[in-house]
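To find a chain, count down the sequence lines: A is the first, B the second, and so on, and within it residues start at 1.
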Protein chains: 2
Amino acid sequence: MREVAALAGVSLKTVSRVINAEPAVSETVRSRVVGAIQRLDYRHNHAASSLRRSDRKSSTIGVLLEDVANPFSSALHREIEDVALQRGVLVLAGSSDEDQAREQQLIAAFTSRRVDGLIIVPASHDHSYLLSERRAGTSMVFVDRPPAFLDADSILTDNQAGVRQGIAHLIAHNHRRIGYLGDLMTITTAAERCQGYEQELASAGIALDPQLVRLNVHGIDKADAATVELLGLREPPTALFTSQNLLTIGASRALHRLDLHHRTALVGFDDVLLADLLDPGITVIAQDPSTMGRKAAEQLFRRIDGDQSPSVHLVVPTRLITRGSGEIRQ
Amino acid sequence: MREVAALAGVSLKTVSRVINAEPAVSETVRSRVVGAIQRLDYRHNHAASSLRRSDRKSSTIGVLLEDVANPFSSALHREIEDVALQRGVLVLAGSSDEDQAREQQLIAAFTSRRVDGLIIVPASHDHSYLLSERRAGTSMVFVDRPPAFLDADSILTDNQAGVRQGIAHLIAHNHRRIGYLGDLMTITTAAERCQGYEQELASAGIALDPQLVRLNVHGIDKADAATVELLGLREPPTALFTSQNLLTIGASRALHRLDLHHRTALVGFDDVLLADLLDPGITVIAQDPSTMGRKAAEQLFRRIDGDQSPSVHLVVPTRLITRGSGEIRQ
DNA sequence: TTATAAGTTGATAACGTTGTCAATTTCGGT
DNA sequence: ACCGAAATTGACAACGTTATCAACTTATAA
């Protein structure tokens, strides 16, 4: 910048003014500075700038996801990116892999880079480590899972209601032995979904058979194996509810291999690409990650812009999409 | 940091030394400083630090993808993140949406934040705008598509060979009328794949019927519509080759709806989740985005660490995965 | 005991930028 | 030609940190 100023024959401050498009600069000088910038191909240092500026904004936000490669996470991510880019804000993304240590490591890395805000799909269950960060003025919005020991905005899915709708759907098709595949119980949503399962069975007056419930099943392969186990029981379930997208895929894979996909009903939580083309198509309780991402980003920027109102807790509804697998009658 | 120094009764520099784990600091003082840091919950300012440090590293890289929500892109992204995080490097991710302007906007935003390096899946065809950035010392690696008017490392898929293998596979199953769905011809890989199609037909002595070739088909819905058109021809194709993952999904959707999925052969480029469970399973030419991402990130960090050797151009092979749809005989 | 080396610590400047405020130039009205 | 106001420009300090180098303390050897 010093060189640009010298070449244009002006002061540092004037170059700064041109770069920041401040009004008080004559057209003559402006074009001279612009020329110098191009000749020297000067590159503005955003970090130095935000260090000195009074707003102290980095125009960067941090997004902590479960796994950037998971379809649900990446749909969230994309929507957040679009809202952010409209404001010239960049997105630092990271995957927690449901690991609390990795979550904290990533968040610490985000905050030491002075992100203006955080969008968090938390893996941990105590976010008091973020209190000082909040006090320091970093805005944050939780998505998919609520904050614990911390008051912050959240955008959640109505997990219990969603699962109950799915289970009710199976019950309406005469199923009484409904197997359940649950993700790691450390994941808040997994616990909530499991409760939904129990509640809906209870309200239908169906006794819960613990044999039919497999919890802490994580990832496609584990789901595949658990499904094989369930269907190998002396009294196997006539229907399955899989409570996460990868579990749905794993269960579906097992059902197909066992050639039971036309006999065992299946409803999954969270939609999956291509689910409509399978035979039968997979009936799902669809979440709406795009809406969640957009709402989360919009709320975050409202906070960044200074909104101090009490925490907002938004619940995004789910939607039952019937495609065949959930309509197999007992 | 000033406050920490005051509370611990030491100088700024000593606090800095503790934070950077420099050896020359006594255990007494160190623990006093650590205590002060915790009491004041001091947060290190990475931006200010890298501004002053001699290595001038931001420990951040920029990754430009086609769309963070596309499975191929997000698999790349995830692998890059893992390599980066091992080194304490964070990833700024962005989606170009095949839009040159958006690509340049994002890259400019990355570089003004002084990323240490860039991993680029380019949408544009002239990367000379990056020359000055290179000169300024930013490392860069191109993935999936080569740089143009710029000498830089690249990690590519052998598109032509992959497509030729797929087309040869269809020809081996007696197909002569093979429809082709190509993505936007502005995308380098789309053009290469199309050439592979033409070459393999030529080398098998099959005349190319322009009616069977639909180019510039982008996204699931367009692919669906194009497939319907192709199969509505007076002499429809007996097999289809779809040259991108979303196109494969769109075509598959159309085939199922038309109930032609057991009669019309289909081979797709790039693998798709659940493709194994369809009936028939979708035969694909699989790329290996994880390997590409890992190699790209490793090469980038080699450059960041000072490797000045001539540009490396790595080609990652494809793999034919037969699942049924490509083995339908004519 | 002293000289010397090794280990600690701190004062100051600097990184690239912008906020503050004062200085200078330009312009409209007399 | 001159005044005052408005527009333009610049000098300097500061943002939070680390590099440099000098000063101090302690340990070691003669």
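Put simply, CG on L12(A) is 14 Å from P on dA13(D), counting in whole angstrom units. When rounded to the nearest whole Å, the span between CG of N20(A) and C1' of dG19(C) equals 11 Å. Summarising the geometry, the separation between CD1 on I37(A) and P on dG16(C) is reported as 16 Å, rounded to the nearest angstrom. Between L51(A) atom CG and dT18(C) atom C1' the separation is 10 Å, expressed in whole Å. Between R114(A) atom CZ and dC15(D) atom P the separation is 14 Å, expressed in whole Å. Here the C1' atom of nucleotide dG10(C) and the CZ atom of R32(B) are 13 Å apart, to the nearest Å. Atom CZ in R30(A) sits about 16 Å away from atom C1' in dT9(D), given to the nearest Å. Residue R113(A) contributes atom CZ, which lies 15 Å from atom C1' of dT17(D) at whole-angstrom precision.
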Output one line per pair: protein atom, nucleotide atom from nucleotides 19-24 of chain D, and distance, for all N/O pairs under 3.5 Å.
| from | atom 1 | to | atom 2 | distance (Å) |
| --- | --- | --- | --- | --- |
| dA19(D) | N7 | K13(B) | NZ | 3.2 |

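Between R102(B) and E81(A), at least one side-chain nitrogen of the basic residue sits less than 4.0 Å from a carboxylate oxygen of the acidic one, meeting the salt-bridge criterion. Using a cut-off of 4.0 Å between Lys/Arg side-chain N and Asp/Glu carboxylate O, R135(B) and D41(A) are scored as salt-bridged. Taking a cutoff of 4.0 Å between a charged side-chain nitrogen and a carboxylate oxygen, R30(A) and E27(A) qualify as a salt bridge.
Where R2(A) and E27(B) meet DNA chain C, the nucleotide closest to each residue was compared, and E27(B) sits on the side nearer the 5' end. Of the residues near DNA chain C, R56(B) and A24(B), the one whose nearest nucleotide (by heavy atom distance) lies more toward the 5' end is A24(B).
Residue S11(B) has a polar side-chain atom (N or O) positioned under 4.0 Å from OP1 or OP2 of dG10(C). Remark: S26(A) is in phosphate contact with dT9(D), judged by side-chain N or O atoms under 4.0 Å from OP1 or OP2. Regarding contacts with the backbone of dG16(C), every side-chain N or O of S49(A) stays at 4.0 angstrom or more from both OP1 and OP2.
H127(B) has its ring centre less than 6.0 Å from the ring centre of F142(B).
With sequence neighbours excluded, no residue satisfies ring-ring contact (aromatic ring centres under 6.0 Å, His included) with F110(B).
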Side chain to side chain donor-acceptor pair (under 3.5 Å) between S128(B) and D126(B), worked out: CA-CA 6 Å; S128(B) 52; D126(B) 181 350; 2.6 Å; yes

Evaluation steps, salt bridge (charged side-chain N to carboxylate O under 4.0 Å, His left out), between D305(B) and R87(B): CA-CA 11 Å; D305(B) 290 342; R87(B) 304 179 39 127; 2.9 Å; yes

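When heavy atoms are screened at a 4.0 angstrom cut-off, H44(B) is found touching the sugar-phosphate backbone but no base atom. Counting any heavy atom pair closer than 4.0 Å across all strands shown, R43(B) reaches sugar-phosphate atoms only and no base atom. No engagement by I19(B) is indicated, since no non-hydrogen atom pair under 4.0 Å with the nucleic acid exists.
Considering only side-chain atoms of M1(A), the nucleotide from dT9(C), dT17(C), dT18(D) that sits closest is dT17(C). Distance from the side chain of T14(B) is smallest to dG10(C) among dG16(D), dG10(C), dT17(C).
Put simply, the side chain of D67(A) reaches to within 4.5 Å of the side chain of R78(B), judged on heavy atoms.
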